Amino acid sequence: MTANPLIITAVLLLVQSGALAFKIVLDFSSMSHQEITKSAILQATAEVCKARAEQLGQNFVLPNPLTVKSLAAACSYPQAARKFQSVIDDIKDENRDVDIRHFFNTEYHFDDESFLQGRDIITQGVSTVKANIQQKNFETARETLGEILHPLQDFYSHSNWIELGNQSPYRNLIKPDLPINNIADKSTPTCRSCVDDNCTGNILESIITEKKLTSGYFSATDTIKPYGKCSHGGSLDKTKETEPVGGINKDSFGSDHGHLHLQAANMAIAATKELLEDIGASVGINNFLRLMGISQTFSVLCVVIDTSKSMADDIAEVKRIISLIIDGKKGTADEPSEYILVTFNDLDFGPLTKTTDAEEFKRLLNAISASGEATATAKKCLSGLWLALTGAPHRSEMFVFTDAEPEDVELKSTVLALIESTKSTVNFLLTNALSAQSHVSNPSNQLYQELAEASGGQAIEVSKGMLPQASSIIEDTVSSELVMLFFAVRNQSAAEDFSFLVDSSVTNLTIYITGFSSNFTITSPSGMSQYSTESNGTLGMIQTSGNFHTIRPHSKNGTGLWQISVNSTQPFTVKVTGQSVTDFLFDIVEVVQDPVPGYTALDSRPQTSGNVTLLLSVTGGDSLKLTEVAVVETMGTETVNGSLEDQGNGQYLATFNTVPRGSFGIHVTGQYSSIQSSQISFQRYSSTQLRTSGVSVSAVANGTWTPGTTFSLPFTVETSQSGGSFSITVRNDRLYNMTFPSSLVIGNGGRANGTVTLTAPSDTPSGTDVTLTIEAAAPGDSDSNYVVLRLSVVAGVGPAMSLSLSLWKQNN
Ligand SMILES: *[C@@H]1O[C@H](CO)[C@@H](O)[C@H](O)[C@H]1NC(C)=O
Ligand SMILES: *[C@@H]1O[C@H](CO)[C@@H](O)[C@H](O)[C@H]1NC(C)=O
Ligand SMILES: *[C@@H]1O[C@H](CO)[C@@H](O)[C@H](O)[C@H]1NC(C)=O
Ligand SMILES: *[C@@H]1O[C@H](CO)[C@@H](O)[C@H](O)[C@H]1NC(C)=O
Ligand SMILES: *[C@@H]1O[C@H](CO)[C@@H](O)[C@H](O)[C@H]1NC(C)=O
Ligand SMILES: *[C@@H]1O[C@H](CO)[C@@H](O)[C@H](O)[C@H]1NC(C)=O
Ligand SMILES: *[C@@H]1O[C@H](CO)[C@@H](O)[C@H](O)[C@H]1NC(C)=O
Ligand SMILES: *[C@@H]1O[C@H](CO)[C@@H](O)[C@H](O)[C@H]1NC(C)=O
Ligand SMILES: *[C@@H]1O[C@H](CO)[C@@H](O)[C@H](O)[C@H]1NC(C)=O
Ligand SMILES: *[C@@H]1O[C@H](CO)[C@@H](O)[C@H](O)[C@H]1NC(C)=O
Ligand SMILES: *[C@@H]1O[C@H](CO)[C@@H](O)[C@H](O)[C@H]1NC(C)=O
Ligand SMILES: *[C@@H]1O[C@H](CO)[C@@H](O)[C@H](O)[C@H]1NC(C)=O
């Protein structure tokens with residue numbers, strides 16, 4: 001059956017039940033795809049770490065129990081635990097979402113004896129993952145990997161491989177050059193009816209003795225299946241009602257072949273591990289560990305710099321400052337694992353260059369020189385930032401240097417979409433402050449402020465020459481363990497008190513207040529106070545440059561509740577950060593309730609009407625738990641408490657019946673055990689500020705895309721509000737030629753379809769990824785939404801070669 005968006009929507013209700021695959025939301029004793037995936041990744045990564053230790057002549061002790069935290073430590077990068085966790089989450093989520101996206105595609109589940117097609121998905125996906133890794137496109141590689149692990153794991157639950165008595169995984173599934181032999185042909189009966197719901201022994205003896213491969217037939221809508229064939233079975237499968245009745249799946253202990261569930265799940269773990277090792281053998285130890293987020297450091301230094309004539313002095317300063325910062329971080333846990341540079345000026349922008357080598361980055365930086373028109377007043381700043389957001393890993397810290405307003409304001413909504421989607425933080429260092437005495441912001445910087453605030457970053461305004469002081473922000477934020485303890489924005493004058501909790505895991509507590517004419521008093525938990533004008537007081541050091549105030553407490557112990565009272569005649573932001581292993585990651589998800597609860601990650605803004613649901617994941621230790629969650633208006637005090645539902649494995653579903661109208665951040669409260677085993681409370685904020693929309697944009701990429709070919713991507717725009725002409729904007733970061741409708745007419749509460757076509761030039765390197773944003777704006781620009789997709793172009797080695805196009809997950 002062909003997947004069609006309308007039908008997909010209708011069956012969303014069914015797919016989370018677990019009848020289709022290793023996935024039972026309610027039955028905690030059975031193994032899910034998520035647990036299988038996590039377990040295999042831990043085991044495979046342990047092997048690779050061991051191999052690396054041997055190479056280096058070091059000792060490797062396999063930790064027991066094997067957890068994300070213990071393995072990161074055993075691999076000698078304990079600080080990588082959080083990144084490793086987020087990588088596992090991303091891969092697991094992608095795996096889980098196959099049940100929604102490819103519900104009707106039997107080959108994704110090895111149903112209906114679709115062995116050859118299922119094997120092709122796996123082997124083609126493995127090629128794509130390897131090609132993506134060779135191009136250093138690790139995020140895309142993780143998505144594809146998660147997607148192909150689903151069919152691989154389903155094979156052991158849905159086929160009769162286990163019933164045939166096999167004791168090890170079927171290697172031919174991951175080897176394109178090995179044949180898949182002995183598939184029961186379409187006319188060969190494979191099952192007999194179950195007796196009184198007992199399906200043990202329902203596979204025909206002839207199938208078993210002849211070692212014929214078969215799998216269960218499945219349909220949620222139809223009872224028809226080929227004569228004599230086994231069914232998948234379970235509550236959603238209608239074919240099980242047709243003779244031979246009953247099924248053979250091993251998805252859970254309660255399944256028709258539930259007595260083999262554990263065997264199937266363990267075999268799926270072993271198969272997943274083999275596939276990971278195959279990838280590891282091909283890409284090498286270091287690339288494999290980077291794919292898993294295990295590296296000495298994983299902070300990224302991403303610099304977007306204006307190279308217009310007027311920036312000549314600033315460029316010299318940036319070169320000097322960045323070199324100093326790089327040298328200062330060298331050999332520490334905060335040394336960036338990757339450096340990204342994007343240039344722009346008044347005429348042009350790009351390219352984006354990436355390197356893992358600090359010296360190479362310095363050379364790239366030193367090669368920059370000022371050019372363009374001396375008199376130009378507006379720059380292609382958003383274009384440069386757009387490239388950076390598409391090219392950098394998710395959750396990067398970015399620093400944009402410029403001294404003028406953006407010329408390319410039409411990119412604002414695309415940049416906002418990518419900020420929300422990648423969860424990267426953007427800081428602007430603007431050297432166009434009106435004058436040293438001025439107590440108001442330069443109006444040219446308003447758009448930059450908006451973008452910074454949406455990302456949890458800051459727009460720092462200084463006069464030229466004050467750049468060195470302001471750039472301490474770079475030194476502070478290029479850190480492996482940066483966490484947000486508080487964030488608020490006020491877009492007009494205000495006198496307000498803020499408070500935030502610091503737990504004992506936090507070090508390097510730093511408070512930033514950005515705003516002109518902001519007078520503030522800070523009070524520590526022990527009652528010490530300091531006023532904004534005291535640069536060195538009892539509490540700490542306060543440094544001010546332009547609109548940017550940094551407060552660093554003297555005391556290493558900041559544990560307890562802090563107060564900040566701000567009185568300002570101008571807009572301001574308050575941001576508090578620290579370093580800690582304890583943090584949380586989030587994804588916006590779409591929830592389905594019937595017949596059992598489930599969810600899938602959303603690649604766009606959640607809907608204004610209806611509940612907003614987040615999947616939260618805590619990092620930093622096994623004793624951590626979340627106790628409260630709230631969404632907090634970014635520019636005000638409205639707070640809405642959510643309800644938390646523990647999903648196990650450190651994951652929680654947070655549901656909000658309503659959210660603030662404008663943008664809002666996420667605020668979590670939780671607990672962990674201290675060394676003395678007393679419970680310690682912690683609080684964290686999200687950097688990314690979210691918003692809802694009454695418009696929805698959805699697209700499912702499907703098909704093959706090879707260099708020199710054109711790819712068609714259908715998409716659907718829907719509104720829950722009044723209709724009209726919705727303007728459509730589509731952008732791809734490789735600047736490939738595209739066609740798409742510039743507008744779609746939609747009725748009140750209606751929907752409309754469009755198609756994007758993209759052409760990849762014939763010299764596109766295999767493994768290239770393309771970030772595509774499709775945006776739809778309601779009439780009058782009153783509301784808008786987007787979907788972000790990441791596509792791969794993979795060169796074929798034979799006619800069967802294709803590639804996987806997968807939705808770009810936020811993930812954490
Ligand atoms: C992808 O497209 C092919 C051919 O058009 C179709 O058979 C298949 O069902 C589609 N798969 C999905 C997941 O939409
Ligand atoms: C189910 O059938 C098998 C053989 O067909 C038998 O060994 C087993 O005891 C039966 N189980 C139950 C619960 O009746
Ligand atoms: C964080 O604190 C440690 C020790 O207190 C110090 O060595 C380090 O330089 C600090 N890092 C930053 C970015 O200030
Ligand atoms: C400030 O933000 C609030 C809430 O987003 C908005 O209603 C108000 O108009 C804004 N005020 C100014 C001066 O921009
Ligand atoms: C840190 O300060 C808090 C409050 O001032 C105090 O209760 C706590 O004992 C201190 N912790 C340490 C380790 O000094
Ligand atoms: C700040 O004041 C403390 C004593 O209050 C002093 O020890 C320290 O050197 C001062 N720091 C600077 C940078 O002046
Ligand atoms: C804020 O400052 C203004 C002007 O200095 C003053 O009139 C006002 O009382 C202050 N508000 C608070 C709450 O301190
Ligand atoms: C902030 O403090 C300065 C100097 O202490 C004062 O001139 C100014 O009026 C104050 N502003 C507010 C809003 O209180
Ligand atoms: C929203 O969530 C509540 C529980 O918090 C649930 O009762 C309600 O049915 C949900 N509404 C929708 C539209 O899903
Ligand atoms: C939200 O929860 C907090 C902590 O439990 C509580 O203090 C606050 O009153 C709640 N707010 C609302 C609006 O229910
Ligand atoms: C886009 O199409 C034009 C005209 O067909 C062609 O000249 C150009 O090379 C294409 N650009 C790319 C990036 O494929
Ligand atoms: C949109 O496309 C789907 C199939 O992809 C189709 O079922 C639906 O009717 C289309 N909607 C409109 C409004 O054309």
Side-chain angles (χ1 to χ4, degrees), residues 9-10 12-16 25-26 100 468-469 472 475-476 486 488 497-501 503 508-511 522 524 526-545 549-558 561 584 588-600 602 605-616 625-633 636-647 652-661 664-671 679 681-685 692-694 696 718 720-721 749:
T9 312
L12 271 180
L13 301 181
L14 310 176
V15 290
Q16 295 290 339
V25 178
L26 299 177
I100 303 266
Q469 290 100 295
S472 63
E475 210 170 341
D476 292 346
F486 185 78
D497 295 339
F498 305 93
S499 67
F500 60 91
L501 181 70
D503 59 278
N508 300 50
L509 178 66
T510 313
I511 301 161
I522 300 195
S524 76
S526 56
M528 278 188 283
S529 278
Q530 190 168 333
Y531 188 63
S532 37
T533 50
E534 296 173 69
S535 61
N536 187 9
T538 50
L539 198 150
M541 301 282 301
I542 301 181
Q543 189 191 44
T544 296
S545 12
H549 313 269
T550 309
I551 302 95
R552 292 174 212 280
H554 292 309
S555 168
K556 294 252 179 296
N557 174 17
L561 196 64
F584 78 106
I588 304 166
V589 296
E590 187 166 50
V591 167
V592 292
Q593 291 296 344
D594 290 318
V596 291
Y599 45 83
T600 178
L602 203 61
R605 293 183 176 140
Q607 290 299 292
T608 304
S609 54
N611 293 340
V612 170
T613 308
L614 306 169
L615 181 63
L616 307 173
K625 61 174 194 277
L626 291 187
T627 53
E628 280 163 35
V629 63
V631 286
V632 183
E633 194 183 4
T637 53
E638 186 186 352
T639 298
V640 179
N641 289 341
S643 60
L644 273 177
E645 196 185 321
D646 193 343
Q647 302 288 297
Y652 297 81
L653 271 189
T655 306
F656 300 89
N657 301 128
T658 173
V659 293
R661 278 186 63 82
F664 54 88
I666 304 161
H667 178 199
V668 301
T669 305
Q671 288 189 331
Q679 289 294 303
S681 291
F682 69 91
Q683 291 184 351
R684 299 288 182 268
Y685 274 69
T692 60
S693 174
S696 91
E718 204 171 340
S720 60
Q721 283 142 28

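Nothing here was measured: the structure is a model prediction, and the numbers come from that model. In listed order, ligands and their atoms are each counted from 1.
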| Hey, is atom 4 (C) of ligand 6 touched by any protein heavy atom at less than 4.0 Å? | no

| task | Answer yes if a protein heavy atom lies under 4.0 Å from atom 7 (O) of ligand 10, otherwise answer no. | result | no

Report yes or no: does [X] contribute a side-chain atom to a donor-acceptor pair with the main-chain N or O of [Y] at less than 3.5 Å?
{"X": "Q530", "Y": "G540", "result": "yes"}
{"X": "T510", "Y": "N508", "result": "yes"}
{"X": "S524", "Y": "I522", "result": "no"}
{"X": "T613", "Y": "V589", "result": "no"}

| Among V629, N641, V640, which one has a heavy atom closest to atom 12 (C) of ligand 10? | N641

| note | Nearest heavy atom to atom 1 (C) of ligand 6, choosing from N536, L539, T538, belongs to N536

| task | May I ask you to list the atoms of ligand 6 that are less than 4.0 angstrom from any heavy atom of M541? | result | 11 (N), 13 (C)

| Do T655 and ligand 9 have an N or O pair less than 3.5 Å apart? | no

| said: Between ligand 9 and S643, is the shortest N or O to N or O distance under 3.5 Å? | reply: no

| message | Could you check whether any side-chain heavy atom of V629 comes within less than 4.5 Å of a side-chain heavy atom of N641, counting everything from C-beta outward? | response | no

| Which atom of S472 lies closest to which atom of Q543, heavy atoms considered | OG-OE1, 3.8 Å

| field | Per-atom contacts, ligand 10 versus E628 - under 4.0 Å to a heavy atom | value | 4 (C), 5 (O)

